[in-house]
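All of these numbers come straight from a predicted model, not from anything done at the bench.
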Amino acid sequence: KADPEAWLNYYTACRMAKNMFPDKWQTAKGEYLVDLDKIVKKADESIPNTFENYYLKVRNNHSFNDQQIKDMFKAYELGPDRSEIFDELITYYEIQRDTVNSRKICRKWFDSRDISPGILNWNYNVLASLDSNSILVTNGDNDTYPAWVLQYVQNFRKDILVLNINLIMIE
């Protein structure tokens, strides 16, 4: 109960099970597979004031309300080199149109070597294949963040506008 890494692994396992098998999720829930909100609540009680606690709160809530923003920056304060929080920070900065800070986090993420070379290569090839001044519509993490990292860190294909369809809907 007192191991922050265990809470992170538990949450991740349940989240992946829910995402990978949504039809089976409801019938599979029980003693160990539980709703993510319950895990976050128990983690908050068991490991307060840890990176993992704040990160789980952020990961479980994508509304970018004031509390989530506070939790995101608290997680970053406690783990400034923990790449798990980088995508949330980049999303926040992109929504705020704060390219200076978005660029800084992209640099940290690139330098961490946490993004797989295969994903970077795939995004490089996608960006390279587009006509000048194109718009690249993306859908998820693997086709959005690495493209931004390449643009901001490697100054590659900065003429391309990368639009994530999920972020377009955020005011």
Quick check for you: to the nearest 0.5 Å, what is the distance between [X] atom [atom1] and [Y] atom [atom2]?
{"X": "D114", "Y": "D81", "atom1": "CG", "atom2": "CG", "result": "11.5 Å"}
{"X": "I39", "Y": "L33", "atom1": "CD1", "atom2": "CG", "result": "8.5 Å"}
{"X": "I90", "Y": "W148", "atom1": "CD1", "atom2": "CH2", "result": "8.0 Å"}
{"X": "L36", "Y": "K18", "atom1": "CG", "atom2": "NZ", "result": "5.0 Å"}
{"X": "I85", "Y": "E77", "atom1": "CD1", "atom2": "CD", "result": "12.5 Å"}
{"X": "W25", "Y": "M20", "atom1": "CH2", "atom2": "CE", "result": "13.5 Å"}

Tell me whether [X] contacts the main-chain N or O of [Y] through its side chain, where contact means a donor paired with an acceptor under 3.5 Å.
{"X": "D143", "Y": "N139", "value": "yes"}
{"X": "K108", "Y": "F86", "value": "no"}
{"X": "S102", "Y": "D98", "value": "no"}
{"X": "N61", "Y": "K57", "value": "no"}

Can you see which heavy atom on [X] is nearest to which on [Y], and at what distance?
{"X": "I160", "Y": "N133", "value": "CD1-N, 4.4 Å"}
{"X": "Q151", "Y": "V162", "value": "OE1-CG2, 3.5 Å"}
{"X": "R157", "Y": "D131", "value": "NH2-O, 3.2 Å"}
{"X": "Y152", "Y": "T99", "value": "OH-CG2, 3.5 Å"}
{"X": "P48", "Y": "S46", "value": "CD-C, 3.4 Å"}

Tell me whether [X] at atom [atom1] has more than 12 heavy atoms from other residues, nucleotides or ligands lying less than 6.0 Å away.
{"X": "Y124", "atom1": "OH", "answer": "no"}
{"X": "N125", "atom1": "CG", "answer": "yes"}
{"X": "N19", "atom1": "CG", "answer": "yes"}

Check whether [X] and [Y] end up in the same hydrophobic cluster, where Ile, Leu, Val, Met, Phe, Trp and Tyr are linked by side-chain heavy atoms less than 4.5 Å apart.
{"X": "L161", "Y": "L127", "value": "no"}
{"X": "V34", "Y": "F21", "value": "no"}
{"X": "I95", "Y": "V58", "value": "yes"}
{"X": "W122", "Y": "L130", "value": "yes"}

Side chain proximity check, [X] to [Y], heavy atoms < 4.5 angstrom:
{"X": "I105", "Y": "Y76", "value": "yes"}
{"X": "W7", "Y": "N53", "value": "no"}
{"X": "Y145", "Y": "N164", "value": "no"}
{"X": "I119", "Y": "N123", "value": "yes"}

Query - Aromatic contact, Y92 with F73 (centres under 6.0 Å) - result: yes
**Report entry** E52, E84, E88 screened by salt bridge (Lys or Arg N to Asp or Glu O under 4.0 Å) with R59, the one that passes
**Finding:**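 Going through the options one by one, the only one that passes is E88.
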Query - Those residues that, when tested against D35, pass salt bridge (charged side-chain N to carboxylate O under 4.0 Å, His left out) (two or more places apart) - result: K29
Query raised in the report: Which residues pass the salt bridge (charged side-chain N to carboxylate O under 4.0 Å, His left out) test with K42, sequence neighbours left out?
Result: none
Requested in this report: Test side-chain contact (heavy atoms from CB on, under 4.5 Å) on V100 and Y93 and set out the steps.
Outcome: CA-CA 8 Å; V100 171; Y93 289 133; over 6 Å; no
Report task. Could you check R15 against T12 for side-chain contact (heavy atoms from CB on, under 4.5 Å), going step by step and ending with a plain yes or no? Result -> CA-CA 5 Å; R15 182 172 185 260; T12 302; 5.6 Å; no
Query raised in the report: Taking Y54 as the fixed residue, which of I47, L78, D44 is the one that meets the side-chain contact (heavy atoms from CB on, under 4.5 Å) rule?
Result: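 Looking at I47, L78, D44, the match for Y54 under the side-chain contact (heavy atoms from CB on, under 4.5 Å) is L78.
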Report task. Please assess R113 against D111 for the test salt bridge (charged side-chain N to carboxylate O under 4.0 Å, His left out), listing each intermediate value before the final yes or no. Result -> CA-CA 5 Å; R113 299 188 180 273; D111 290 345; over 6 Å; no
